Amino acid sequence: MVAGETVLRIGEAPLPGPPARAVRELERERPRWVWADTRESYPPLLTAGVRVSRCHDLALTEGLLLAYEGRYGEPRSARAAHARLRGLPVPDDQPSVPGTLFEPEPLPAEAVAEVLGDQLRRIEALPDPGRFRLLVAAESAGALIAAEMGHDGMPWRRDVHDALLTELLGPRPVHGMRPARLQALADEVAAAFGHPVNPDSVQQLVKAFKGAGVALKTTRSWELKKVDHPAVAPLLAYKELARLFSFHGWAWADQWVRGGRFRPEYVVGGVVSGRWATSGGGALQIPKVMRRVVMADDGWTLVVADAAQLEPRVLAAMAGDAGLARAAGEIDLYAALAQAFGGERDHAKIAMLSAMYGGTSGDAAKLLAVMRQRFPRAYQFVEDAAKAGEDGRVVRSWLGRTSPPPSGRWRELVSGPEGGRAARDRGRFTRNFVVQATAAEWALALMAVLRGMLPDPARLVFFQHDEVIVHCPLDQAGEVMAAVSAAAAEASRLLFGPTPVRFPMETVAVSCYADAK
DNA sequence: TGACCAAGCGCC
DNA sequence: AAAGGGCGCTTGGTCA
């Protein structure tokens, strides 16, 4: 374990000396490092050129355990966990911004060992410690990967980015000005109304349309598209380009791209379902048009791998529904289901998605009835999750991640006149949670296994829910693609054991991300 | 002036 | 081709 200047492993005495060198030495035995917070301990090691293969992140584990134990929202830092053990005042979680305000004293190694021991005991007390141990391992591996991806960065060609922006917006404007193309569109909008209107202001737009005899509740794109007015076309174009300019324009690149690499800040488990979030850089919302900026280095390639139809496969495996699992043994799950839905692949797809997300529109009800009859266990699985949510109970993923409990506000609301609405909303959330959270676990397991199989110097450089990108030398492409496929099989074995459900990856090696798919 | 919220839209 | 849930991020606008 690593705590400040002290380095030791379980059952050993503290070792003196610079952490990086000691860690490098001990890493030869591939221990599982235990530390308070990967975000604090790992980046300095990476900077020193040291990588570790496995860890146990106390803070992430504490968060998972507290949620399982019905103590959602209690501080989850290792320091807080230690204070609770000792009956001391429990410090609030600090927003993790290293190097700002103050850096707390590192947690002593003895305290780290104490918290670890407590966590391991609590895990053993759970109904299925094996699954939860896998969850902890996967979450911790995710923390390593997130730190490494932040360190290595994703290839990002600033020259291509600049050319793309210039093509769409015009040359980079001086600070505070609109690019030429944006200004031209804004002028067109104003001309269409016959007076100046700020196209970034919802209020001004609604007022301007009202003056032109068009009543609008919102200025959402799909709403505007139904309106017949000369301002609509330039306004829609403006909105799209303005977003590009302010979200992923030159200023964004100045902040997030250095040395030909985009270095986002991932937040492992940042979404309640266990999906990752970002705390800057917007790595999970990069518009598709920007993918052409992501290019492999000379002599290297990008292996882009996408889990196909992940969520329905996860449901099939979890629910143990023989019929659905049989269909999920095929490459195209929806096509395999089509027969049950009158030969219509689209109907099968709508039925599955409605079951997982609580959809009610269009033909959903009719198709759900078919699903209930043909795939009763899968249907019942998500229905049970929805019922739990409506009743104010929590639900858990396959490995044991627990949904947040309902808020006090929700409990008030649900007993009021609009109670039915609040209950149904939460039912949709818990219905989706069990599937999305388990899919996130599968993806974490995939990445953890894949990371261990990658040949040096291949690197994971991007992760987006069910998609990964590996940057590697051209001559490693075949090996990496095979590793992706093997890792997917291993991830499904780890989570579900023997199952007819397959988890195919769509994998391609490309020099530019835009060429995938 | 800074804190906060809502709108809107990008990704899965 | 939709449908659902989840997020982050920027801007304008309000309030203290």
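None of the values given here were measured: they were computed from a predicted structure. By convention in this document, chain letters (A, B, ...) are assigned in the order of the sequence lines, proteins followed by strands, and residues within each chain are numbered from 1.
Contact check on A:R431 versus A:E311 returns no salt bridge, with no Lys/Arg side-chain nitrogen under 4.0 Å from an Asp/Glu carboxylate oxygen. A:R345 and A:D332 are joined by a salt bridge, as a carboxylate oxygen and a charged side-chain nitrogen come within less than 4.0 angstrom of each other. Here A:R71 pairs with A:E74 in a salt bridge; the nearest charged N to carboxylate O distance falls below 4.0 Å. A salt bridge does not link A:E240 to A:R243: none of the charged side-chain nitrogens sits closer than 4.0 Å to a carboxylate oxygen.
Following rounding to the nearest Å, A:M352 (CE) and C:dG4 (C1') show an atom-to-atom distance of 13 Å. Atoms OH (A:Y357) and C1' (C:dA2) sit 13 Å apart, rounded to a whole Å. Between the CZ atom of A:F433 and the P atom of C:dC7 there is a distance of 11 Å, given to the nearest Å. C:dG6 atom P lies 16 Å from atom CG of A:L353, rounded to whole Å. Note: OH (A:Y334) to P (C:dA2) measures 14 Å, nearest angstrom. A:L205 places its CG atom 11 Å from the P atom of C:dG12, with the value rounded to the nearest Å. For the pair A:Q255 CD and C:dT10 P, the interatomic distance rounds to 8 Å; values are reported in whole Å. Separating the CD atom of A:E311 from the C1' atom of C:dG5 is a distance of 9 Å, rounded to the nearest angstrom.
Heavy atoms of A:N198 sit under 4.0 angstrom from primed sugar atoms or phosphate atoms, though from no base atom. Contact annotation for A:G270: no contact, since no heavy-atom pair falls under 4.0 Å across all strands.
For A:P75, the side chain to side chain contact (heavy atoms under 4.5 Å, CB included) criterion is met by A:A80, A:R84, A:V90, A:D92, A:D93, not counting sequence neighbours.
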### Query
Base, backbone or nothing for each nucleotide of nucleotides 4-12 of chain B, written B, S, -, heavy atoms under 4.0 angstrom, 5' to 3'?
---SBBBSB
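Side-chain atoms of A:R459 never come within 3.5 Å of backbone atoms of A:D152 as a donor-acceptor pair (strictly under, hydrogens ignored).
For the pair A:D425 and A:D346, nearest-nucleotide mapping onto DNA chain C gives the more 5' position to A:D346.
Under the 30°/60° scheme for interplanar angles, the aromatic rings of A:F193 and A:F209 are found to stand perpendicular.
Contact check, A:S273 against C:dG5: no side-chain N or O comes under 4.0 Å of OP1 or OP2.
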